[in-house]
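What follows is a single structure, written as structure tokens, with notes after it.
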Amino acid sequence: TVDRISDAMLLSDAISAGAPQGFPDGHVTLSIQDGPDGVELRVGPMEAGGGENLRRSLDLPSVGGSLAALADELRVESDDEGEYLVVAISALAG
């Protein structure tokens, strides 16, 4: 739905703004996978600690909330290449 696309765009913008410090070269790498259950944004690989730092960058202390609330799931994963912030946004039932 348009609302969920809007949520994904807001999260993508916030992630892009907060991400460069976690990447060795300052370039943000973001992939989006679309599926029947929704979309999944995957940011990385980042340096150790970069995924959690990026997750914290979504917090909005001035309003006591977080842009992470727009996601249905937010997790940090890691592999041999580094850390990834994974944001899942479910499709709304029609």
Side-chain angles (χ1 to χ4, degrees):
T1 67
V2 172
D3 289 339
R4 298 309 283 178
I5 291 171
S6 235
D7 291 348
M9 289 177 62
L10 284 170
L11 282 165
S12 295
D13 287 347
I15 288 168
S16 294
Q21 67 273 10
F23 288 82
D25 61 3
H27 294 256
V28 177
T29 305
L30 174 71
S31 66
I32 300 173
Q33 182 176 356
D34 184 25
D37 296 330
V39 296
E40 187 172 275
L41 310 174
R42 185 172 170 92
V43 183
M46 292 176 272
E47 299 170 341
E52 184 57 31
N53 288 338
L54 184 52
R55 189 207 59 75
R56 282 195 305 269
S57 77
L58 300 175
D59 293 344
L60 304 170
S62 61
V63 296
S66 175
L67 289 173
L70 297 173
D72 293 296
E73 182 181 3
L74 192 98
R75 66 185 183 276
V76 176
E77 297 179 349
S78 61
D79 65 17
D80 292 341
E81 293 183 20
E83 288 189 356
Y84 297 82
L85 179 68
V86 182
V87 182
I89 300 174
S90 299
L92 295 178

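Along the sequence shown, the residues carry numbers beginning at 1.
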What side-chain donor-acceptor pairs closer than 3.5 Å can you find for residues 35-43, not counting sequence neighbours?
{"unit_1": "Glu40", "atom_1": "OE1", "unit_2": "Arg75", "atom_2": "NH2", "d": "3.4"}
{"unit_1": "Arg42", "atom_1": "NH1", "unit_2": "Glu77", "atom_2": "OE1", "d": "2.7"}

*Leu85 CG to Ser57 OG distance, which is reported to the nearest 0.5 Å*: 8.0 Å
*Please check if Leu70 and Val86 belong to a single hydrophobic cluster, counting links between Ile, Leu, Val, Met, Phe, Trp and Tyr side chain heavy atoms closer than 4.5 Å.*
no
_side-chain contact (heavy atoms from CB on, under 4.5 Å) partners of Arg56, counting only residues at least two apart_ = Glu52, Asn53, Asp59
*Minimal non-hydrogen separation, Leu58 against Ala68, with atom names*: CB-N, 4.1 Å
_Restricting to side-chain contact (heavy atoms from CB on, under 4.5 Å), what partner residues turn up for Asp72, sequence neighbours left out?_
Arg4, Ile89, Ser90
*Kindly write out the residues that satisfy side-chain contact (heavy atoms from CB on, under 4.5 Å) with Leu60, not counting sequence neighbours, or none if the list is empty.*
Val63, Leu67
*Is Ile32 reachable from Tyr84 through a run of hydrophobic residues whose side-chain heavy atoms are each under 4.5 Å from the next?*
no
*Of all pairs that satisfy salt bridge (Lys or Arg N to Asp or Glu O under 4.0 Å), the ones with a partner from residues 78-87, not counting sequence neighbours*: none
